[in-house]
Amino acid sequence: MTAEIDPALSPPRGLLVGGPTPVRPRPVVLTGRHVTLGPLEPEKDAADLYAATHGSEKERLFAYLFDGPYDSEAEMAEALRAAAASSDNATLAIRDATSARTLGRATFMRVEPAHRSVEVGSILFSPALARTAAATEAMYLMADHAFSLGFRRYEWKCDALNAPSRAAAERLGFRFEGVFRKHMIIKGRSRDTAWFAMTEDDWPSIKAGMEAWLDPENFDAAGRQKRRLQDLIGGG
């Protein structure tokens, strides 16, 4: 049950929501210590990502995604061109801050400005990006941008069978909200969808925890974390 109940009304009603409607996310440059996120450059991004994601692990990397794996770099570039042209979603390339090599991509999707809700999805991390501080920083930058635009709900959804994605959502401070059974058919296969979200009320403590975790002082000389992210955000 929501805690935002108007005490003056019976039967119970939620509080009135004031303030302006947020603008839709657009491909923008978001700069961190490890990565820079920015608008797609389809040919460049495909050249980097195809080589990085279409080795022996390609079936695992694309197993739960709507797209891929691709038969060629040119086919991937065409898909990225379509994503770049979308007026509904905003896909960002995730690039190494030093080399500018494209390491992954992620999308602001299911954007509902009237309800102030947006999802991060279609996340593709190359093996070089997955399970690194750079990957966490990329997700931090996108969440911070979404809340700065005025969204009050930030969603993460995945195939209920996708254990790594579910673990990542909870590590990042998203709260599990349930499973929609037989929600979708993806690549011809039935998908139950696990729903996670964080809200504008959750974000300040999650943000502080992420910033503390990303601080260079939280890593030893070998790059090992001193404190876990889950401990720093206190479960969101």
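Fair warning: this is a prediction, and the values are worked out from it, not measured in the lab.
Among all heavy-atom pairs drawn from S117 and F151, the shortest one is N-CD2, 3.4 Å. Residues I5 and P12 share a closest heavy-atom pair of CG2-CB, 4.2 Å. Residues L40 and A83 come closest through the heavy atom pair CD1-CB, 3.8 Å. Contact detail for I123 and A106: the closest heavy-atom pair is CG1-CB, 4.0 Å. In this structure, F62 and G68 approach most closely via the heavy-atom pair CD2-CA, 3.5 Å. Scanning all heavy atoms of the two residues, the minimum distance from P204 to D201 falls at CD-O, 3.5 Å.
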Please step through ring pair (Phe, Tyr, Trp, His ring centres under 6.0 Å) for the pair F176 and W156, ending with a clear verdict.
-> CA-CA 9 Å; F176 176 62; W156 176 296; over 10 Å; no

Kindly determine whether E137 and T132 satisfy side-chain contact (heavy atoms from CB on, under 4.5 Å), including the steps that lead there.
-> CA-CA 9 Å; E137 183 178 63; T132 66; over 6 Å; no

Start with the C-alpha distance between R24 and S87, add both sets of side-chain angles, then the distance that settles side-chain hydrogen bond (donor to acceptor under 3.5 Å, both in side chains), and finish with yes or no.
-> CA-CA 9 Å; R24 299 182 68 89; S87 59; over 6 Å; no

Begin with the C-alpha distance, continue with both residues' side-chain angles, and end with the deciding distance and a verdict on side-chain contact (heavy atoms from CB on, under 4.5 Å) for E41 and R95.
-> CA-CA 11 Å; E41 300 174 24; R95 304 186 178 101; 3.6 Å; yes

Starting from the C-alpha separation in whole Å, work towards a yes-or-no answer on side-chain contact (heavy atoms from CB on, under 4.5 Å) for Y154 and T199.
-> CA-CA 6 Å; Y154 190 56; T199 70; over 6 Å; no

side-chain contact (heavy atoms from CB on, under 4.5 Å) evaluation trace for I233 with M198 = CA-CA 12 Å; I233 66 176; M198 64 176 73; over 6 Å; no

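By the criterion of side-chain heavy atoms lying less than 4.5 angstrom apart, applied directly or through intervening Ile, Leu, Val, Met, Phe, Trp or Tyr residues, M139 is not grouped with L49; the two fall into different hydrophobic clusters. Put simply, W195 and M184 are part of two different groups of oily side chains (I, L, V, M, F, W, Y) that touch within less than 4.5 Å, one to the next. F66 is not connected to L80 by any chain of hydrophobic side-chain contacts under 4.5 Å among Ile, Leu, Val, Met, Phe, Trp and Tyr, and they are in different clusters. Cluster annotation: W203 is connected to F196 through the hydrophobic network of ILVMFWY side chains, with a link wherever side-chain heavy atoms come within less than 4.5 Å. Put simply, Y50 and L129 are part of two different groups of oily side chains (I, L, V, M, F, W, Y) that touch within less than 4.5 Å, one to the next.
Ring planes of W213 and F219: perpendicular class, angle over 60° (limits at 30 and 60°).
Residue pairs meeting the ring-ring contact (aromatic ring centres under 6.0 Å, His included) criterion with at least one member in residues 5-47: none, sequence neighbours excluded. Listed by first and then second residue, the salt bridge (Lys or Arg N to Asp or Glu O under 4.0 Å) pairs involving residues 60-75 are E57-R60, D67-R105 (not counting sequence neighbours).
Side-chain atoms of H54 do not come within 3.5 Å of backbone N or O of P69 as any donor-acceptor pair. T107 contributes no side-chain N or O that, together with a main-chain N or O of M109, makes up a donor-acceptor pair within less than 3.5 Å. Put simply, the side chain of K187 gets close to the backbone of L65: a donor and an acceptor are under 3.5 Å apart. A donor-acceptor pair is defined here as one N or O able to donate and one able to accept, closer than 3.5 Å; such a pair exists between the side chain of S205 and the backbone of D202.
Cluster partners of L161, using a side-chain heavy-atom cutoff of under 4.5 Å among ILVMFWY residues and allowing indirect links, are Y64. Hydrophobic cluster membership for L16: none, as no Ile, Leu, Val, Met, Phe, Trp or Tyr side chain comes under 4.5 Å of it.
K44 meets the salt bridge (Lys or Arg N to Asp or Glu O under 4.0 Å) test with D48; sequence neighbours excluded. Considering only residues two or more places apart in sequence or on other chains, A222 meets the side-chain contact (heavy atoms from CB on, under 4.5 Å) condition with D220, R224.
Just one residue in the list E200, E119, E177 forms a salt bridge (Lys or Arg N to Asp or Glu O under 4.0 Å) with R153, and that residue is E177. Here the rule is side chain to side chain donor-acceptor pair (under 3.5 Å) with T136, and of R131, R171, Q225 only R171 fits it.
L103 contributes atom CG, which lies 10.5 Å from atom CG of D45 (distance to the nearest 0.5 angstrom). From D159, atom CG reaches atom CD1 of I186 across 8.5 Å, with rounding to the nearest 0.5 Å. Taking OG1 of T91 as the start and CZ of F108 as the end, the distance is 10.0 Å to the nearest 0.5 Å. Summarising the geometry, atom CD1 belonging to I206 is positioned 12.0 Å from atom CD belonging to E211; distances are rounded to the nearest 0.5 Å. Taken to the nearest 0.5 Å, the CG atom of D88 stands 12.0 Å off from the CZ atom of R110. For the atom pair K58 NZ and Y70 OH, the distance stands at 12.5 Å (nearest 0.5 Å).
Contact annotation: the side chain of H145 never approaches that of L37 to less than 4.5 Å [non-hydrogen atoms, C-beta and beyond]. L229 places a side-chain heavy atom less than 4.5 Å from the side chain of M210. The shortest distance between side-chain heavy atoms of V35 and L141 falls below 4.5 Å. Within the 4.5 Å cutoff, the side chain of F174 has heavy atoms near those of the V120 side chain. With contacts defined as side-chain heavy-atom distances shorter than 4.5 Å, the pair D192/K182 qualifies.
Open room surrounds CZ on R13; 12 or fewer heavy atoms of other groups in view lie less than 6.0 Å from it.
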